[in-house]
Amino acid sequence: MAKKPARKQAKRKSRQPAAKKRKAAKVKGQRQRRQADVKAAHGALPQWTNAQIEEAFRRFQAANPDPKGELQHINPFTLLVAVVLSAQATDAGVNKATPALFAAADTPEKMVRLGEAKVRDLIKTIGLFRTKAKNVVALSRMLVEQHGGEVPRSREALEALPGVGRKTANVVLNIAFGEPTIAVDTHIFRVGNRTGLATGKTPLEVEMKLEQVVPAQYKRHAHHWLILHGRYTCLARKPRCEVCIIADLCQWPGKTVVQK
């Protein structure tokens, strides 16, 4: 008696349509990739539809629901310092230097007391360490004198600090205070232009495009998803299109779309 229901279940299962296969992609040769990147840099790629953009960020969220920044920090102040130090440097390189720095000074007051010479010695493995040490101590002093030792929550106040530009301010606002800002670094700039998701000649243009097209419910984490995508999948020299979760949506002509 138990076999009949099993046969019926199997019969019903066989009538269900097969799951729709998502298309993957393979990268073309080096010369074709270069030509494709030139085309992308000129903003010549087709614009994504709203539905495609929605689907891309739905996939990013499904793959990584709670993305995190990779710069190690303890509080908003140490985050600010880490981001300032990361200019023209890798997150990994910054993370090697900051544990000792933050152990010695995790507040603006302590950083001012530590002094420029000691800060310089602690971060000397990071590029432009002399200028960065000067900026870190100067911004710490401004935080103490003008903001009661607290990191301000406005872009204008952040950008007034030494060594802090729009990108740094956006990172701090996003990670420390949960603001839906999008900080365009080299990775996001590349992804935006190469995929056609948000093209622009400058990081600010790409940022403004992303502000317009990213659905509101995804803006909080869009910054992290796009950075991680550029850092680990959409690589500069040879993107890993074969494992890209948005390969079928991407408009870059340097790949060939194939069926999995």
Side-chain angles (χ1 to χ4, degrees), residues 64 66-188 203-204 207 211 219-228 230-231:
N64 189 0
D66 190 25
K68 303 292 184 184
E70 296 186 324
L71 283 173
Q72 296 174 6
H73 61 281
I74 303 166
N75 52 38
F77 170 69
T78 54
L79 171 66
L80 172 61
V81 171
V83 181
V84 168
L85 296 179
S86 71
Q88 299 182 52
T90 65
D91 287 2
V94 172
N95 288 340
K96 289 179 181 178
T98 52
L101 175 64
F102 296 155
D106 59 359
T107 68
E109 294 84 358
K110 291 179 183 178
M111 194 69 74
V112 172
R113 288 197 297 269
L114 189 62
E116 186 178 329
K118 290 183 179 178
V119 172
R120 188 167 59 238
D121 187 58
L122 288 168
I123 66 168
K124 61 186 178 184
T125 57
I126 301 174
L128 305 174
F129 68 94
R130 290 182 178 85
T131 299
K132 291 176 181 178
K134 182 178 180 179
N135 286 335
V136 165
V137 174
L139 73 82
S140 298
R141 185 172 289 110
M142 282 187 65
L143 290 177
V144 173
E145 294 175 352
Q146 300 180 19
H147 301 284
E150 299 292 329
V151 175
R153 296 190 60 158
S154 77
R155 179 182 281 109
E156 293 74 19
L158 285 167
E159 289 187 32
L161 298 172
V164 177
R166 185 179 182 89
K167 185 189 78 172
T168 298
N170 279 343
V171 173
V172 173
L173 291 171
N174 181 270
I175 298 177
F177 303 121
E179 300 290 337
T181 54
I182 300 175
V184 177
D185 68 348
T186 54
H187 297 298
I188 294 184
L204 182 59
E207 180 188 335
E211 287 285 350
K219 278 188 178 179
R220 173 69 178 83
H221 293 309
H223 161 83
H224 293 303
W225 286 322
L226 293 174
I227 283 180
L228 294 173
R231 185 171 290 164

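Owing to the predicted nature of the structure, the values given are computational and were not obtained by experimental measurement.
Separation of atoms OG1 (Thr181) and CD (Glu207) is listed at 8.0 Å; rounding is to 0.5 Å. Rounding to the nearest 0.5 Å gives a distance of 8.5 Å between OG1 of Thr125 and NZ of Lys96. Ser140 OG to Leu80 CG: the interatomic distance, rounded to the nearest 0.5 Å, is 8.0 Å. Atoms CD1 and NZ, from Ile126 and Lys124 in turn, are 12.5 Å apart once rounded to the nearest 0.5 Å. Atom NE2 of residue His147 and atom CG of residue Leu161 lie 5.5 Å apart, to the nearest 0.5 angstrom. The NE2 atom of His187 sits 5.5 Å away from the CG atom of Asp185 when rounded to the nearest 0.5 Å.
For the pair Asn75 (side chain) and Asp106 (backbone), a donor-acceptor distance under 3.5 Å is present. Lys219 contributes a side-chain N or O that, together with a main-chain N or O of Glu211, makes up a donor-acceptor pair within less than 3.5 Å.
Within the 4.5 Å cutoff, the side chain of Leu204 has heavy atoms near those of the Arg166 side chain. Between Phe77 and Leu139 there is a side-chain heavy-atom pair separated by less than 4.5 Å. The shortest side-chain heavy-atom distance between Arg220 and Asn174 falls under the 4.5 Å cut-off. In this structure, the side chains of Lys132 and Ile123 come closer than 4.5 Å at one or more pairs of heavy atoms. Looking only at side-chain heavy atoms (C-beta outward), Lys68 and His224 stay at 4.5 Å or farther from each other. Using a 4.5 Å heavy-atom threshold, the side chains of Leu114 and Met111 count as touching. Taking the side chain as every heavy atom from C-beta outward, Arg155 and Asn170 approach each other to under 4.5 Å. Here the side chains of Thr98 and Val81 are not in contact, with every heavy-atom distance at 4.5 Å or above.
With sequence neighbours excluded, the residues that form a ring-ring contact (aromatic ring centres under 6.0 Å, His included) with His221 are Trp225. Scored by the side chain to side chain contact (heavy atoms under 4.5 Å, CB included) test, Glu109 finds Thr107, Arg113, Val144 as partners (sequence neighbours excluded). With sequence neighbours excluded, no residue satisfies side-chain hydrogen bond (donor to acceptor under 3.5 Å, both in side chains) with Arg153. Residues passing the side chain to side chain contact (heavy atoms under 4.5 Å, CB included) test with Ala160: none are found, sequence neighbours excluded. Looking at residues two or more places apart in sequence or on another chain, you find no side-chain hydrogen bond (donor to acceptor under 3.5 Å, both in side chains) involving Gln72. Listed by chain and residue number, Thr131, Pro162 satisfy the side chain to side chain contact (heavy atoms under 4.5 Å, CB included) test with Asn135 (two or more places apart in sequence, or in another chain).
Salt bridge Arg231/Glu70: present, at least one basic N to carboxylate O contact under 4.0 Å. Ion pair Asp121/Lys118 not flagged as a salt bridge, since none of the NZ, NE, NH1 or NH2 atoms sits closer than 4.0 Å to an Asp/Glu carboxylate oxygen.
Of all the heavy atoms in Phe102 and Thr78, the pair that sits closest is CZ-O, 3.3 Å. In terms of heavy-atom proximity, Thr168 sits nearest to Gly163 at OG1-O, 4.5 Å. Ala222 approaches Ile182 most closely through the heavy-atom pair CB-CD1, 4.4 Å. Across all non-hydrogen atoms, the minimal contact from Leu143 to Pro152 is CD2-CD, 3.6 Å. Looking at every heavy atom in both residues, Gly149 comes nearest to Pro108 through O-CG, 3.5 Å. Heavy atoms only, all atoms of each residue included: Leu85 and Val94 are closest at O-CG2, 3.7 Å.
Counted within 6.0 Å of CD on Glu159, heavy atoms from surrounding residues, nucleotides or ligands total more than 12; the atom is thus considered enclosed.
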